[in-house]
Amino acid sequence: MLLRFFSLILFVLLSSSQVVARTTPLTDYFRESLTTRDGLPHNTINAITQSHDGYLWFATWEGAARYDGRNFIVFGRTAETGLPDVGIRAFHLNGNGDLLLGGSRGGMALVRDGRWQHLPAIGTLINDLLRDHNGDLWIATEGGGLFLQRQNGQTQQFASQAGLRPSVIYRVLQDKQGLIWLATQQGLYWFDPAAPAPEFHLVALESGLPLTSVFALLISKEGQLLVGTEQGVFRRNDTEFTPLHPQLAGVAVATLMLDQQQQLWIGTINRGLLRLSDLGLEQLTVTEGLPNNRVLALWQDRELSIWIGTNGGVLRLRDTPFTNLTTAKGLADNYVRTLLQHQDSSVWVGTSNGLNKVVAQQIEHIAGVGGNPVSALSLAQGPDGDVWVGTYAEGVLRYRGNQLYQQYDRADGLVSNEVRALLPLADGTVWIGSSGGLTRLKDGQMQHFHVADGLPGEFVTALHQSPDGRLWVGTGSGGAVFENGKLRRLSLQQHDDVHYVFGFYQADNSADVWLATDRGLVRYETATAALQLVGLAAGLPFDKIFAIVPEQDQYFWLSSNRGVLRIKQQDAIAIASGQQQKLVNYELYGESDGMLSAQCNGGSMPAAVALNTGVLWFATSQGVAMVEPSRLADFVVKTPPVVVQQISADGQLYGGASAEFPPGTRRIALQFAGLSYVMPSRIQYRTQLLGFDQHWVERGPQQVAEYTNLAPGSYRFLVSAAYPDGDWSAQPAHFDFVIQPLFWQRLDFIASAVLTLILLLLLLYRARMLSLRNNENRLRQQVSEKTAALQQQATELRQVVAEKSDLAEQLHQQAQAFALQAREDGLTGLANRRAFDEQLAAEFARAARLQHLLCLVLIDIDYFKRINDDFSHLTGDAVLKRLAALIKTQCRDIDVCARWGGEEFALLLPQTSLQQGREVCERLRQAIAQMDCQDLAPGLTVTASFGLAVNTGLSHYDKLISRADTLLYQAKSQGRDQVCG
């Protein structure tokens with residue numbers, strides 16, 4: 001019955017012949033909030049609209065804020081606006097595209113083509129504005145009743161004496177029949193504006209509408225009137241009003257909106273946001289991220305984003321390619337490690353603090369040993385349907401149904417309880433990859449394989465069996481193939497020094513195997529046994545690839561620390577085979593595309609999975625990120641409109657579509673913006689100044705073009721916008737300007753000056769000829785004298801040349817000396833990588849000769865990119881310098897510290913045991929965590945991860961570096977802010 005009721009409501013509301021393909025659940029929308037911290041002048045949003053040029057406008061008590069996707073420009077009580085007060089309460093878009101504003105103290109203004117026109121104030125706060133079908137302006141006020149401002153400038157007020165009892169009118173709306181409806185403090189009124197003297201009619205209780213405050217009015221696409229009151233939402237059928245939905249009874253409604261799909265959005269006084277659609281009635285409150293439960297304004301922009309104005313700022317809802325499965329929907333933990341689709345279509349999700357089973361959008365928590373949560377690292381399905389789970393500290397768990405069936409750990413012979421890869425086979429064999437090597441489990445017996453058996457490294461991260469029976473093993477030190485009872489290492493180091501192999505992929509119709517590595521994609525071409533790299537040099541935007549997921553044999557989806565990359569499989573094959581040099585194009589998806597975190601997880605398997613429904617799931621640090629490739633076409637970003645925002649000449653601002661600059665103008669700056677709110681930071685620009693530029697000038701994301709010392713004349717400035725790999729604006733925005741010439745640049749002045757110059761030249765010529773005749777004889781006499789002098793000068797010049805050669809040799813020697821001094825990092829003052837490498841080689845040799853212990857520490861600042869992104873690169877540099885100074889204070893005289901590169905530092909501890917090194921590192925780690933950075937940026941905290949290695953058993957210092965680097969990676973993968981060694 002409830003479903004039939006919803007269907008009836010939607011039929012009445014929508015009456016649409018088109019079927020909406022998919023309605024996104026309210027909780028799956030991507031959310032972004034804007035407050036005063038982002039540039040809003042006030043957090044209470046009274047109204048929202050989008051002007052015809054594409055700007056979004058927000059009405060606040062501290063002015064009207066115009067938003068271009070990046071920045072706010074606030075208009076208040078200035079000479080430009082002519083408003084009597086900064087408070088803005090209402091917007092209205094005229095049919096010709098003009099924007100009308102009304103606010104406190106009855107102030108009104110009109111914005112047309114960027115220019116402000118002041119309108120006479122009416123002396124009382126304006127709640128709403130309406131330009132009716134005849135062009136007359138109706139003004140709803142707070143305490144002054146209703147005003148009519150005719151086109152001829154006459155103003156008339158309607159209050160109790162005209163039959164309109166309420167003095168507080170919240171909304172004014174005209175329906176398709178021409179009647180005007182008033183939402184008032186004392187019920188709903190209507191009147192016919194065409195009548196010589198308007199007669200106001202109160203909708204009586206007998207009609208079904210309660211006599212209460214009415215705050216919102218809305219006309220549906222089909223012309224039906226919806227009324228939002230203190231006691232819910234009502235719809236009008238002929239002369240009767242009926243409740244729209246039983247669950248809205250008693251809900252105080254502040255505003256209403258129908259989106260393009262004709263779904264009803266309801267802003268309430270104190271219950272947040274409601275939406276009525278084919279999914280039923282949904283709610284969004286402060287618990288789900290709404291800035292405040294009082295919703296005053298709603299708007300859907302041209303890119304279909306929903307903007308929600310509240311008492312606490314603006315929330316934007318946007319449908320995105322990616323949705324997320326998190327603890328908010330029942331997941332045990334948001335740090336997801338591994339994913340598996342079972343043969344029964346359920347999906348198992350392994351997290352750091354619990355194992356989950358997802359069936360038909362319902363999440364069930366699966367208990368571990370003793371009923372405790374499972375810290376899962378890997379998942380696999382056995383041929384019998386059992387689910388095998390690799391854990392962080394409890395070895396291997398085997399589930400039959402939802403019940404724990406078996407456990408294998410150290411007590412049963414496993415070399416390590418940290419299991420990152422599992423591969424059950426049809427013959428009953430189970431391959432187990434752990435942090436301590438590779439194990440084969442069969443018939444209850446375990447056989448172990450280590451580096452001595454041909455394994456590249458003990459830290460096993462991935463396993464795969466190809467149809468020909470070969471076992472592929474990925475480790476933190478490379479890859480290997482197990483065949484004929486032996487392990488054969490893959491020569492991966494020659495391909496940009498590949499170390500980590502995070503995963504494998506092999507198509508059903510191909511013998512080739514793809515490897516996800518820390519240097520990109522690697523293809524093993526079975527026919528030639530050749531390894532081929534598709535990495536940074538081929539156009540990949542980053543190194544590390546955690547998982548490879550196919551899309552219908554057309555695309556590869558690649559997870560990484562910086563989002564999910566989608567590339568064409570044919571491009572990858574063409575690059576691997578040498579037929580193509582670079583990726584033609586790719587799509588990188590991240591947080592702006594709906595992912596709660598662009599940081600995917602790897603080092604465990606599988607870290608991503610393609611469901612049999614076509615949906616792709618990726619393990620991230622903030623839940624499961626899910627994308628349905630078949631819906632990507634719905635999110636193709638169109639070319640953004642572009643506007644010229646601001647023009648200044650020598651500091652003087654100009655408006656409009658053209659301007660005339662005074663003589664002597666030296667510097668002209670033009671600011672522009674692409675008005676798209678989906679991904680404004682990705683918009684690219686190009687400009688051309690006709691009369692100066694011969695071609696378009698690529699500006700990248702820069703939004704300002706500056707010109708200096710332009711010649712007098714007429715110019716037209718053009719600007720076009722586009723998203724990466726998208727089309728440029730078909731109609732560039734333009735601004736025309738003229739630079740007036742100085743008096744000496746005018747044609748009449750130039751002509752006079754030329755004639756005068758010619759006369760002067762003639763006089764000079766005659767005088768010069770006379771002087772030349774007088775000097776001719778004197779010059780002949782001087783020739784012989786000068787000849788002798790020149791010979792003497794030639795001799796002196798040869799001596800000077802010899803001296804300069806000596807000086808050049810000295811400068812060359814000095815340059816070589818300066819080059820030898822280039823051993824210090826310019827930012828931190830520490831030794832640089834080159835100097836440290838030399839010292840490391842010397843200390844390693846010395847320690848080996850004297851049989852001393854030598855510790856190497858690699859230090860990496862945690863989430864340093866986030867510091868740069870959230871606070872600025874200057875803040876990041878300040879953090880590096882402060883950390884370097886801290887490291888210096890913790891070092892002995894014999895220790896060597898250096899900036900290893902980027903956010904990494906290195907510390908060399910001679911004559912130091914591993915235990916002593918751990919104590920040094922732990923002391924330094926705690927000092928970093930306690931480092932006060934509030935003076936750099938409020939809320940800024942810094943932590944670091946340490947990899948500590950000792951030279952015991954190592955023959956070369958390169959092995960010491962590799963061991964420290966592996967341990968550093970382990971510290972970061974285990975949660976950061978810790979010491980591994």
Side-chain angles (χ1 to χ4, degrees), residues 456 461-462 472 474-479 489-507 510 512-551 554-590 598-600 602-603 607-608 682 684 698 700-701 724-725 833-834 837 860 864-865 868 900-904 958 961-962 965-966 968-969:
T461 53
W472 299 76
T475 77
S477 303
R489 297 187 185 184
L490 299 174
S491 303
L492 289 170
Q493 277 71 22
Q494 59 182 310
H495 295 282
D496 203 10
D497 197 24
V498 170
H499 277 66
Y500 274 86
V501 177
F502 296 108
F504 299 97
Y505 168 70
Q506 185 174 10
S510 174
D512 298 336
V513 178
W514 291 88
L515 287 69
T517 78
D518 61 349
R519 289 295 184 266
L521 286 177
V522 175
R523 181 176 77 156
Y524 180 86
E525 190 175 32
T526 301
T528 61
L531 291 165
Q532 302 149 344
L533 175 66
V534 181
L536 287 178
L540 279 182
F542 39 69
D543 273 323
K544 290 184 179 67
I545 304 296
F546 292 143
I548 309 167
V549 183
E551 178 195 338
Q554 295 182 12
Y555 294 91
F556 282 147
W557 290 75
L558 313 174
S559 67
S560 76
N561 274 325
R562 292 167 54 190
V564 179
L565 190 69
R566 183 185 189 231
I567 67 173
K568 291 182 178 179
Q569 291 190 23
Q570 288 304 317
D571 284 350
I573 293 171
I575 292 171
S577 59
Q579 300 174 7
Q580 185 175 314
Q581 294 299 314
K582 292 274 189 178
L583 284 173
V584 176
N585 52 55
Y586 59 79
E587 298 160 277
L588 179 59
Y589 296 94
Q599 178 187 326
C600 296
R682 296 190 190 179
Q684 305 292 301
E698 302 292 337
D725 301 321
R833 175 72 177 270
R834 175 181 174 185
D837 285 348
D860 186 276
F864 186 73
K865 180 180 181 299
N868 284 334
W900 189 252
E903 67 270 29
E904 292 186 342
D958 280 345
I961 295 173
S962 178
D965 188 61
T966 298
L968 174 61
Y969 180 85

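Computed over heavy atoms, backbone and side chain alike; hydrogens, waters and symmetry mates excluded. This chain uses plain numbering: 1 for the first residue, then up along the sequence.
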**Trace of the side chain to side chain contact (heavy atoms under 4.5 Å, CB included) decision for D518 with V498** = CA-CA 6 Å; D518 61 349; V498 170; 3.8 Å; yes
**Item:** L490/W472 under side chain to side chain contact (heavy atoms under 4.5 Å, CB included): CA gap, chis, key distance, verdict
**Value:** CA-CA 10 Å; L490 299 174; W472 299 76; 4.1 Å; yes
**Message:** As a quick check of understanding, evaluate side-chain hydrogen bond (donor to acceptor under 3.5 Å, both in side chains) for Q506 and W514, giving each step before the final call.
**Reply:** CA-CA 6 Å; Q506 185 174 10; W514 291 88; over 6 Å; no
**Item:** Evaluation steps, side chain to side chain contact (heavy atoms under 4.5 Å, CB included), between S962 and H499
**Value:** CA-CA 10 Å; S962 178; H499 277 66; 4.2 Å; yes
**Request:** Please lay out, stage by stage, how W557 and L565 fare under the test side chain to side chain contact (heavy atoms under 4.5 Å, CB included).
**Result:** CA-CA 6 Å; W557 290 75; L565 190 69; over 6 Å; no
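Distance check, rounded to the nearest 0.5 Å: CG of L540 to CZ of R519 gives 12.5 Å. Distance CD/Q532 to CG/L521: 12.0 Å, rounded to 0.5 Å. Interatomic distance, L968 CG to I961 CD1, rounded to the nearest 0.5 Å: 13.0 Å. Between E904 atom CD and D860 atom CG the span is 4.5 Å, to the nearest 0.5 Å. Rounding to the nearest 0.5 Å gives a distance of 10.5 Å between CD of Q684 and CZ of R682.
Of all heavy-atom pairs spanning P456 and S477, the tightest one is O-CB, 3.4 Å. Closest non-hydrogen pair, A572 versus V534, comes out as O-CG2, 3.7 Å. In terms of heavy-atom proximity, I575 sits nearest to K582 at CD1-C, 3.6 Å. The two atoms that bring L536 and P541 nearest to each other are CD2-C, 4.0 Å, heavy atoms only. Between R523 and A576, the closest heavy-atom pair is NE-CB, 3.8 Å. The two residues D512 and S510 have their closest heavy-atom pair at N-OG, 3.1 Å.
Within the 4.5 Å cutoff, no side-chain heavy atoms of T517 are placed close to those of I545. At least one side-chain heavy atom of F542 sits less than 4.5 Å from a side-chain heavy atom of L588. By the 4.5 Å heavy-atom criterion applied to side chains, Y505 and P550 are counted as neighbours. Looking only at side-chain heavy atoms (C-beta outward), Y500 and L515 stay at 4.5 Å or farther from each other. Annotation: side chain of L492 is in contact with side chain of V522 (closest heavy-atom distance under 4.5 Å). Residues I567 and N585 have side chains not in contact (no heavy-atom distance under 4.5 Å, counting atoms from C-beta outward).
A donor-acceptor pair is defined here as one N or O able to donate and one able to accept, closer than 3.5 Å; such a pair exists between the side chain of S559 and the backbone of A547.
Among residues two or more places apart in sequence or in another chain, the ring pair (Phe, Tyr, Trp, His ring centres under 6.0 Å) test is passed with F546 by F502. The side chain to side chain donor-acceptor pair (under 3.5 Å) check on E587 picks up R566, Y589, with sequence neighbours excluded.
Neither side chain, Q569 nor Q554, offers a donor N or O lying under 3.5 Å from an acceptor on the other.
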